[in-house]
Amino acid sequence: MTFKTVIRHNLIYIYTSSLLFISTISLSQNTPKYSEKVLNEKSIEELALMRNEILAKKGYVFTNSKYSNYFERQKWYKPASSNNTITLDANENTLVDLIKKVETKKKEMRVKALNDLKELKKIVYANDKVQFDKLVPTPDREVELMSSFKSIFDVCSIDGINWTQNEGLYKVTVDNGDAISIYYIKFTNTQVILSEGRIKHSEIFGDFSDGYSSYQSEDEYIIWFYFDMTDKGLKFIKYNVAG
């Protein structure tokens with residue numbers, strides 16, 4: 001990302017390669033405010049990268065290999081002789097503080113979402129239809145949908161989810177010699193999606209040219225469960241089925 005500052009109508013517009021911040025007060029005031037709404041659209045990882053880029057622009061030398069490897073590949077990066085010489089101005093400190101605030105909120109939401117998934121897993125394994133219906137209100141479909149959730153939790157590790165810049169994922173593909181099935185738990189910036197399904201025939205079936213197969217494509221299906229991440233935890237939105 002690169003920073004570009006433009007002044008229009010007595011407001012400060014700060015651009016990066018992936019983000020726009022707009023000061024909401026005039027230049028005559030000492031500390032501009034930046035749009036928290038825009039920051040909320042970014043993931044924890046994207047916010048952390050942006051916050052660290054502010055330091056990198058000053059030549060900050062990172063001990064975290066993820067950031068040192070990234071910034072050392074940027075043509076504009078020039079490491080300082082000592083981090084002790086690096087200072088931020090008032091505007092930069094304001095931006096860093098705001099990013100940290102949004103990061104903290106998003107981290108808390110992620111922890112709550114993970115804990116809610118673990119609680120849902122316990123409820124599914126306990127076959128507790130009453131509690132399941134409170135978390136996933138789907139009248140008259142509890143047994144069927146709990147079975148789908150169990151299939152996902154049987155193979156997907158909640159603690160094993162890893163994140164890149166804007167998504168988290170744990171996905172398993174199983175080929176049992178008859179059909180290929182997929183199972184995953186996916187985090188986006190605002191949602192958690194769980195899915196499972198039987199998607200196609202096994203790779204050992206070849207092209208079916210000899211006609212020797214009992215596989216039925218009519219048995220293929222996939223189901224998705226959508227949850228929103230909120231300050232209070234996961235909120236079930238809907239489920240979709242294809243097949």
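Side-chain atoms are counted along with the backbone in the values below, which use heavy atoms only and exclude waters and symmetry mates. Predicted model only: the values in this text are computed from it and were never measured.
- Rounding to the nearest 0.5 angstrom, the gap separating the CD1 atom in Ile199 from the CD1 atom in Ile180 is 6.0 Å.
- Considering CD1 of Ile54 and CD1 of Ile86, their distance stands at 13.0 Å, rounded to 0.5 Å.
- Going from atom OG1 of Thr188 over to atom CG of Leu169 covers 11.5 Å, rounded to the nearest 0.5 Å.
- With 3.5 Å as the limit, one finds no donor-acceptor pair spanning the side chains of Ser43 and Asn189.
- Listed here is the closest heavy atom pair of Val172 and Val174: CG1-CG2, 3.8 Å.
- Looking at heavy atoms from C-beta onward, Tyr184 lies out of side-chain contact with Glu196 at the 4.5 angstrom threshold.
- Using a 4.5 Å cut-off on side-chain heavy atoms (C-beta onward), Trp224 and Tyr239 make no contact.
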Tell me, with the steps shown, if Lys106 and Asn40 meet side chain to side chain donor-acceptor pair (under 3.5 Å).
CA-CA 8 Å; Lys106 285 183 169 288; Asn40 276 322; 4.8 Å; no
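- Residues Val241 and Ile222 are not in side-chain contact: their nearest non-hydrogen atoms beyond the backbone lie 4.5 Å or more apart.
- For the pair Lys58 and Glu92, the salt-bridge criterion is met [side-chain N within less than 4.0 Å of a carboxylate O].
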Tell me, with the steps shown, if Lys105 and Glu108 meet salt bridge (charged side-chain N to carboxylate O under 4.0 Å, His left out).
CA-CA 5 Å; Lys105 176 183 175 182; Glu108 291 173 351; over 6 Å; no
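- The shortest side-chain heavy-atom distance between Lys118 and Phe153 does not fall under the 4.5 Å cut-off.
- A heavy-atom distance below 4.5 Å is found between the side chains of Phe187 and Met229.
- Under the 4.0 Å criterion applied to side-chain N and carboxylate O atoms, Arg110 and Glu45 are assigned as salt-bridge partners.
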Under the ring pair (Phe, Tyr, Trp, His ring centres under 6.0 Å) criterion, do Phe71 and Phe62 qualify, and how do the steps go?
CA-CA 9 Å; Phe71 290 117; Phe62 296 87; 5.1 Å; yes
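- In this structure, Phe236 and Thr138 have side chains that are in contact, with non-hydrogen atoms separated by less than 4.5 Å.
- Val136 is listed as a side-chain neighbour of Phe227, based on a closest heavy-atom distance under 4.5 Å.
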Take Lys200 and Glu220 through the test salt bridge (charged side-chain N to carboxylate O under 4.0 Å, His left out) and record every step on the way to the result.
CA-CA 7 Å; Lys200 62 181 180 179; Glu220 294 176 356; over 6 Å; no
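- No side-chain heavy atom of Tyr226 sits under 4.5 Å from any side-chain heavy atom of Val192.
- A cation-pi geometry, defined here as NZ or CZ lying under 6.0 Å from the six-membered ring centre and within 45° of its normal, holds between Lys121 and Tyr125.
- Rounded to the nearest 0.5 Å, atoms CG (Asp128) and CD1 (Ile123) are 6.0 Å apart.
- Nearest heavy-atom pair, Ser202 versus Asp175, reported as atom, atom and distance to 0.1 Å: OG-OD1, 2.8 Å.
- Enclosure of atom CG in Asn69 by more than 12 non-hydrogen atoms of other residues, nucleotides or ligands within 6.0 angstrom is indicated.
- Ionic pairing of Lys112 and Asp116 is not present here: no N-O contact between side-chain nitrogen and carboxylate oxygen is shorter than 4.0 angstrom.
- A salt bridge between Arg198 and Asp178 is present, with a side-chain N of the basic residue lying under 4.0 Å from a carboxylate O of the acidic one.
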